[in-house]
> 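Got a structure for you, written out below as structure tokens; questions coming shortly.
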Amino acid sequence: MLQSNRCVHFAVMGCLALSSALFAGCGGSDGLPRESVSGVVMLDGQPLPSGSIQMLPVDSKVGVAGGAVIKDGKFEIGREQGLIPGQYRVVINSGQEATPPPSGEPPGPIAAADAAKEIIPAQYNAQTTLTADVKAGTPNTFPFDLKSK
Amino acid sequence: MNHRKRRGFTLIELLVVIAIIAVLIALLLPAVQAAREAARRSQCVNNLKQIGLAVMNYESSNTSLPPGCKFQVWGTWAIFILPYMEQTQVYNSWNSLGDYGLSAAGGNSALRYGGAMNTTATTARINSYTCPSDTRSAPLGGIPSYNYVANYGNTAITSVGTATSTAPALTYNGFMYSGAPFSDIYLGAVTLSSITDGLSNTMYHAECIEGQDGPTGQLDLRGYIHWWEGAFFESSLTPNSTQPDQMQSSGYCYANYLGNPPCVGGTTNFVHAARSRHPGGLNAVMGDGSVRFVKNTINIATWQALSTTKGAEVISSDQY
């Protein structure tokens with residue numbers, strides 16, 4: 001009885017091992033040495049409520065660009081879609097909308113005056129001076145402390 | 001003691017058989033799914049090819065490329081190439097009189113893509129604009145979203161100083177605007193002679209993902225190509241990028257729901273990445289009518305070079 005129990009065990013374990021081995025090969029890896037990146041964005045000492053961050057390779061001929069949505073001052077790019085080690089220019093945008101558009105109907109034209117305004121100064125986006133150095137093997141956590149003046 | 005030999009399977013034998021069947025199914029299922037996606041992708045490529053050919057036929061008849069859009073609301077390329085997509089009936093139902101000079105009483109709003117005079121054309125679903133790899137979204141105002149977007153260049157659509165046309169931003173994130181095959185009709189038509197990079201090095205159209213509306217009616221208007229903002233992609237964001245799309249308003253996109261791509265609302269520049277549901281990249285049709293698969297891992301310099309019309313970049317075909 002003991003013998004057959006062990007055999008059942010082996011069979012079940014074998015099944016599990018085989019199927020997990022089969023599924024292990026199905027990762028979405030694209031062969032790049034990607035690293036996860038996360039951080040905190042503060043504007044005048046307060047967490048930036050909403051916005052976006054883009055990280056663009058300084059040498060645009062190598063590597064991939066990445067980015068994330070900033071929510072309550074935090075952003076995160078997972079490892080699966082992360083950045084490869086290197087130097088990055090960092091662009092941070094956050095818009096302030098004048099009036100929310102009417103929903104439930106096809107959008108009409110938007111006048112330039114009604115369009116949202118950028119609340120982050122140009123030195124953090126259009127003429128950015130922010131940089132980030134993504135390294136392999138270490139946690140890539142970047143704090144960005146922005147000043148609106 | 002009567003030792004009768006029983007006929008039948010032992011538990012072990014059964015388990016082994018089940019294990020073998022499980023392994024076989026596990027082997028087969030991904031292959032079946034991949035074959036289905038391959039079939040859908042080939043349909044998707046075919047549609048893109050038709051769009052590319054329609055643009056070329058438009059050029060043959062009109063000596064310029066079709067306008068990307070007529071301001072924000074009076075039609076996009078998706079309308080203008082319809083006669084060359086064998087959709088003449090739909091095109092004939094389109095009323096193209098919309099213009100600035102019109103008052104509300106003169107039909108300004110009725111002549112918009114969502115206005116009473118034009119919904120016959122815009123609510124008709126065009127199969128060739130639909131990629132089977134993506135999921136259909138709920139049509140807003142009866143007007144469906146689609147899966148192909150035109151190339152608006154390598155920067156962004158800007159809201160600054162655009163009272164009478166929609167304009168590309170001259171710089172965006174350090175990238176200089178270097179021409180695009182599609183823009184506003186009020187900025188003038190693009191002719192083939194102005195595409196100095198060469199037609200085989202310039203993208204006309206690429207794919208996009210239909211935004212799925214949120215659970216309580218939040219709109220996601222990506223892929224809403226009869227509306228100017230949904231009709232284009234800009235190459236300042238790489239294919240299927242984690243960089244969020246920058247929409248005109250946070251009320252026009254709803255990220256991280258049913259696979260919606262990342263997005264934010266409300267800055268002075270509107271930017272939309274080309275995106276697809278295909279694993280690893282997306283398809284783009286070039287000016288010469290060829291459809292190329294562009295990988296997500298393409299570097300941004302090459303992706304931008306492919307989208308500009310007069311950037312004079314050197315592109316090696318093994319870079320994407």
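Here is how names work: the chains are called A, B, and so on, in the same order as the sequence lines, proteins then strands, and each is numbered from 1.
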> Could you tell me if the side chain of E97(A) sits less than 4.5 Å from the side chain of Q248(B), heavy atoms only?
no

> Of the listed residues (P107(A), G63(A), G51(A)), which shares the most heavy-atom pairs with chain B below a 4.5 Å separation?
P107(A)

> Pair T297(B), L32(A) - check side chain to side chain contact (heavy atoms under 4.5 Å, CB included), show working.
CA-CA 8 Å; T297(B) 52; L32(A) 291 180; 3.5 Å; yes

> Which answer fits I143(B), side chain, backbone, both or neither, if we ask what part of it has an atom under 4.5 Å from a heavy atom of chain A?
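For I143(B), the contact with chain A is made by the side chain alone.
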
> Among S249(B), P279(B), G251(B), who wins on heavy-atom pairs under 4.5 Å with chain A?
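Looking at each of S249(B), P279(B), G251(B) in turn, S249(B) comes out on top.
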
> Can you tell which of A115(A), P109(A), A116(A) has the highest number of heavy-atom pairs within less than 4.5 Å of chain B?
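Most pairs with chain B among the choices: P109(A).
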
> With only heavy atoms counted, which part of E229(B) is less than 4.5 Å from chain A, the side chain, the backbone, both or neither?
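Neither; nothing under 4.5 Å.
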
> May I ask you to test the P106(A)-Y113(B) pair for a side-chain heavy-atom distance under 4.5 Å?
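Yes, side chains in contact.
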
> Should the heavy atoms of other residues, nucleotides or ligands under 6.0 Å from CE of M176(B) be counted, would the total exceed 12?
no

> For residues K117(A) and T268(B), report the shortest heavy-atom separation together with the two atoms involved.
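That closest heavy-atom pairing would be CA-CG2, 4.3 Å.
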
> Sort Q127(A) into side chain, backbone, both or neither according to what part of it lies under 4.5 angstrom from a heavy atom of chain B.
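No part of Q127(A) comes within 4.5 Å of chain B.
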
> Please classify the contact of T122(B) with chain A as side chain, backbone, both or neither, using a heavy-atom distance under 4.5 Å.
neither

> Examine whether an atom of L219(B) lies under 4.5 Å from a heavy atom of chain A, and if so say whether it belongs to the side chain, the backbone or both; otherwise answer neither.
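Side chain of L219(B) only, per the 4.5 Å heavy-atom cut-off to chain A.
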
> Between E80(A) and T242(B), is there a side-chain heavy-atom distance shorter than 4.5 Å?
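No. Closest side-chain heavy atoms not under 4.5 Å.
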
> Do N299(B) and V62(A) come within less than 4.5 Å of each other through their side chains, counting heavy atoms only?
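They are not in contact (no side-chain heavy atoms under 4.5 Å apart), so the answer is no.
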
> Where does W228(B) contact chain A at under 4.5 Å (heavy atoms): side chain, backbone, both or neither?
side chain

> Do N173(B) and L56(A) come close enough that some side-chain heavy atom pair is under 4.5 Å?
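In contact.
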
> Side chain from CB out, backbone as N, CA, C, O: work out which of these in T238(B) comes under 4.5 Å of a heavy atom of chain A, or both, or neither.
side chain

> Using a 4.5 Å heavy-atom cutoff, which residues in residues 81-88 of chain A come close to chain B?
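Against chain B, the residues of residues 81-88 of chain A that fall inside the cut-off (heavy atoms, under 4.5 Å) are Q81(A).
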
> For a 4.5 angstrom cut-off between non-hydrogen side-chain atoms, does K61(A) reach T302(B)?
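Counting from C-beta outward, K61(A) and T302(B) never come under 4.5 Å.
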
> Non-hydrogen atoms of chain B under 4.5 Å away: do they reach the side chain of I53(A), the backbone, both or neither?
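Backbone only.
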
> Would you say that more than 12 heavy atoms from the other residues, nucleotides or ligands in this model lie under 6.0 Å from the NZ of K74(A), or not?
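Open: at most 12 neighbouring heavy atoms sit under 6.0 Å from NZ of K74(A).
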
> Name the member of S60(A), A65(A), G95(A) that forms the most heavy-atom pairs with chain B at distances under 4.5 Å.
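Most pairs with chain B among the choices: S60(A).
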
> Name the option with the most non-hydrogen atom pairs under 4.5 Å to chain A; the candidates are S250(B), G142(B), G115(B).
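Ranked by contacts with chain A, first place is S250(B).
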
> I298(B) versus chain A, heavy atoms under 4.5 Å apart: side chain, backbone, both or neither?
backbone

> Report yes if some heavy atom in the side chain of S52(A) is under 4.5 Å from a heavy atom in the side chain of Q246(B); otherwise report no.
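Sidechains of Q246(B) and S52(A): in contact.
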
> Measuring only between side-chain heavy atoms, which start at C-beta, is I110(A) closer than 4.5 Å to Q72(B)?
yes

> Looking at chain A, which one of Y172(B), Y252(B), W74(B) has the largest number of heavy-atom pairs inside 4.5 Å, strictly under?
Y252(B)

